[in-house]
Amino acid sequence: MIRTARLLAVLALLAAPLAHAAPDLVTVSERSGFQATGRYDEVVKLCGAFQQAYPKQVKCVQFGTTPEGRPMLALAVNARGVFTPAAARKANLPVTLIQGGIHAGEIDGKDAGFLALRELLEGRLASDVLDKQVLLFVPVFNVDGHERFAKWNRPNQRGPVEMGWRTTAQNFNLNRDYVKADAPEMQAMLALVNAWDPLTCVDLHVTDGAKFQHDVSIQVEPVYSGDPAFRKAGQALRANVIADIGKQGSMPQSYYMSFKETDDPASGFVDGVSDPRFSTGYFQLRNRMAMLVETHSWKDYPTRVRITHNAVVSVLQQVAAHGAEWTQAARAADVRATRIAGQPVALTYRTTDRTTMVDFQGYAYTRTMSDVSGMLMTHYDETKPQVWHVPLRDEVVADLEVQAPGAGYVVPAAWAQMVATKLTQHGIVFRKLDKAIDAAPVQTFRADQATFAATSFESHQRLKVIGAWKPEPRHLASGALFVPIAQPKARLVMALFEPQAPDSLLAWGEFNNAFERKEYMEDYVAEDVAREQMARDPALATAFRDRVEHDPAFAQNPHARLEFFARRHPSWDERLNLYPVLRTDVAL
């Protein structure tokens, strides 16, 4: 725990505005000296109270309803009373989305956000930032999880006394749901994002992990990923916020402070790019910026709220100062995305082995064999600060690259309804074909290998495939979907449709039926078929005997031997392992 004097100083800093605040805008957290946090009914009360106290600057809006029937609330804030997406576009104002409580046990963002909002409205700090942008503040994203309220919901975290739960009432981790959008909460959030098109999304978290002196990580994309030219805006946002909060006493880092090897500080750190299921992997696919703020769980709650508060204010200041320039850069990225056809596009990224040794502010520690777990355990002494000289790998490069199709993707009519729902959730443009096309000039992806995950993940049995796109004219029935690549969200389109992308619809198991064999030939029938085929085709017989001789696994697998012939019979299902999404270089 931090020293008593430091704790009192933190409390004094945070509680200073308390005497001047309108009573109905003061949080449970402030009244408790930032030891507790309020229940969701406080969010409902404060949302209305802020609108009542500042009707010309704040509007409380409900943008969804949770599975347990609770309202999902946001505060739209602007000094000029710009409260709708249409008004924001007309005024050419950038929108900043700040969301707390996506993991509702990590609730710093709710209390820090309300505190910062009140100070901004009272003119106590950054008085002009609300003139130059619209702030969308979502105090709690995971509302039902917030109300699963108890002590010790976060055993690796110091405070508050009680807090919510990581996942939703349906046990979805919302920060794994941005692309597949299973959760009603995520569907509501994406609708909010589609309507407002925020330039910047700030996702407020608390990390797990080891004990050290650093108190927050600030990660931004695009920095390593997405549109190369737009990365300059992401780099500037990250650098400026880190500089701002550093001047206020924080010790920020620009990478997630999790060891390369679990529980071993000497292994150092590895930076990288999150997959699109995460907030910081998703928004760059829309040519927008995302920031992940991760306060350190072993700092106490007053300290974490202060740091989160400072980060929120810094973001708003940076958007106020650079929003016009960054908006122009985002729109230029949109235009470039519409011209991405035929170009190589990175679907995944990797960190190289290039290492830089860095001085990291840690604590003295020992690593000893545990007689409980039977493995090495690390024990930290927080009374003894220590500089760790450790490796950092932070050179990030493209890994899996795929050439964008010349025109777009086609979804056969049988799968159109499911896919159309997903495309609509993400605001992706598509159209339905009103007539059939014979021998459409498309490319197909047939999996040479399809591997289903052994266990469920986020309610899905995931799928990995090995194969390649090849030209193969196909009949398209009326009702098929054509999804053009020439649109601002082209990278998101590819993330959804390229079968080997980490969060594609295929990877999440949405097309598993296409990779399951449904029709079989009885073994005794297959035996007769095999003999007939070999008698009719001596070359086939030779190929079979050669494989038996040189492939022991094949030779010892009776079913594989019979399938060798079944695949050559007219009854074989030609659609088995055929990915039911097609690529085309010709607009349909």
Short side-chain donor-acceptor distance under 3.5 Å, Gln318 and Asp244: yes
Distance-only polar pair, side chains of Asn287 and Asp334, donor-acceptor under 3.5 Å: yes
Sequence-distant partners of Ala150, side chain to side chain contact (heavy atoms under 4.5 Å, CB included), two or more places apart: Asn153
Parallel, tilted or perpendicular: rings of Phe212 and Phe259 (30°, 60°): perpendicular
Expected output: side-chain His146 to main-chain Ala104 donor-acceptor under 3.5 Å: no
Residues which pass side chain to side chain contact (heavy atoms under 4.5 Å, CB included) with Thr262, listed by chain and number, not counting sequence neighbours: none
Ser297 versus Arg154, closest heavy-atom pair with distance: CB-NH2, 4.5 Å
Asp41 bridged to Arg39 by N-O distance under 4.0 Å: no
Asn171: partners by side chain to side chain contact (heavy atoms under 4.5 Å, CB included), with sequence neighbours left out: Thr167
Ion pair check, Arg354 and Glu395, cut-off under 4.0 Å: yes
Geometric class of the Phe50/Phe114 ring pair [parallel <30°, tilted 30-60°, perpendicular >60°]: parallel
Verdict with reasoning, Arg166 to Asn175, per side-chain hydrogen bond (donor to acceptor under 3.5 Å, both in side chains): CA-CA 10 Å; Arg166 183 178 185 83; Asn175 205 28; over 6 Å; no
Carboxylate-amine/guanidinium proximity below 4.0 Å for Arg158 and Glu382: yes
Distance-only polar pair, side chains of His103 and Asn173, donor-acceptor under 3.5 Å: yes
Distance-only donor-acceptor check, side chains Arg367 and Thr378, under 3.5 Å: yes
Listed partners of Asn156 passing side chain to side chain contact (heavy atoms under 4.5 Å, CB included), at least two apart: Asp208, Trp298
Heavy-atom side-chain contact between Tyr256 and Thr207 under 4.5 Å: yes
Salt-bridge contact Asp108-Arg304 (side-chain N to carboxylate O under 4.0 Å): yes
Within the 6.0 Å centroid threshold, strictly below: Tyr349 and Tyr224: no
Sequence neighbours excluded, every pair satisfying ring pair (Phe, Tyr, Trp, His ring centres under 6.0 Å) that has a member inside residues 311-337: His322-Trp326
Identify every side-chain donor-acceptor pair in residues 68-82 under 3.5 Å, counting partners at least two apart or on other chains, and give the distances.
| from | atom 1 | to | atom 2 | distance (Å) |
| --- | --- | --- | --- | --- |
| Glu68 | OE1 | Arg70 | NH1 | 2.6 |
| Arg70 | NH1 | Asp144 | OD1 | 2.8 |
| Asn78 | OD1 | Arg80 | N | 2.8 |
| Asn78 | OD1 | Gly81 | N | 3.3 |
| Asn78 | OD1 | Val82 | N | 3.2 |
| Asn78 | ND2 | Leu130 | O | 2.9 |
| Asn78 | ND2 | Gln133 | O | 2.8 |
| Arg80 | NE | Asp131 | O | 3.4 |
| Arg80 | NH2 | Asp131 | O | 2.9 |

Minimum heavy-atom distance between Phe283 and Ala290, given as atom pair plus value: CB-CB, 3.8 Å
Aromatic ring pairing Tyr380/Trp388, orientation class (parallel under 30°, perpendicular over 60°, tilted between): tilted
Carboxylate-amine/guanidinium proximity below 4.0 Å for Asp177 and Arg277: no
Audit row: Phe34, Tyr301, ring-ring contact (aromatic ring centres under 6.0 Å, His included) steps and yes/no: CA-CA 6 Å; Phe34 298 93; Tyr301 195 55; 7.3 Å; no
Between His389 and Phe360, ring centroids under 6.0 Å: no
Shortest non-hydrogen contact from Glu221 toward Gly272: OE2-O, 4.4 Å
